[in-house]
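Okay, structure first, notes after.
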Amino acid sequence: MFFDLPTLTVEDRRNYRAFRKLLITNGFIMLQESVYCKMMPSPSVEQSMKNLLKRNKPPAGLVQSLTVTEKQFSKMNYIIGKAKMDVIDSEEHIIIL
């Protein structure tokens, strides 16, 4: 998910925060500023997430989505910088007792 939303007015900033919170609440993780990703286990889950985002889209700005496979994602090259290792990016469940 890529987005470029206006932040000039108080309402713009409120819409930005609400959209970002929606992404985080639904399991998206930030790759870069305004670039978020989420593992989708099936095409039906992907479609339902796209529908949710369309229903809650901000009134202004640019929001784009791109679907890549796990294999394609794993081939991402880091030209400078490193992948964040403090983010859990697997579908495994964690149980803390």
Tabulate below the donor-acceptor pairs under 3.5 Å that side-chain atoms of residues 59-71 make, not counting sequence neighbours, or state none.
| residue | atom | partner | partner atom | Å |
| --- | --- | --- | --- | --- |
| Thr67 | OG1 | Glu46 | OE2 | 2.5 |
| Thr69 | OG1 | Gln72 | N | 3.1 |
| Thr69 | OG1 | Gln72 | OE1 | 3.3 |

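For Gln47, the CD atom counts as densely surrounded, since its 6.0 Å shell holds more than 12 non-hydrogen atoms of other residues, nucleotides or ligands. For Lys50, the NZ atom is densely surrounded, since the number of other residues' heavy atoms within 6.0 Å is greater than 12.
With contacts defined as side-chain heavy-atom distances shorter than 4.5 Å, the pair Leu5/Asn15 does not qualify.
Follow the hydrophobic side-chain contacts under 4.5 Å out from Val10 and you never reach Tyr16; the two are in separate clusters.
Here the closest heavy-atom approach between residue Glu33 and residue Met30 is recorded as CA-SD, 4.1 Å.
Applying the ring-ring contact (aromatic ring centres under 6.0 Å, His included) rule to Tyr36 yields the partners Phe3; only residues at least two apart in sequence or on another chain are considered. Applying the side chain to side chain contact (heavy atoms under 4.5 Å, CB included) test to Leu8 and every residue at least two apart in sequence or in another chain returns Asp12.
Looking only at distances, a side-chain donor or acceptor of Ser48 sits under 3.5 Å from a matching main-chain atom of Val45.
The CG atom of Leu53 lies 4.5 Å from the CE atom of Met1; values are rounded to the nearest 0.5 Å. Interatomic distance, NZ of Lys38 versus CD1 of Ile24, reported as 12.5 Å (0.5 Å rounding).
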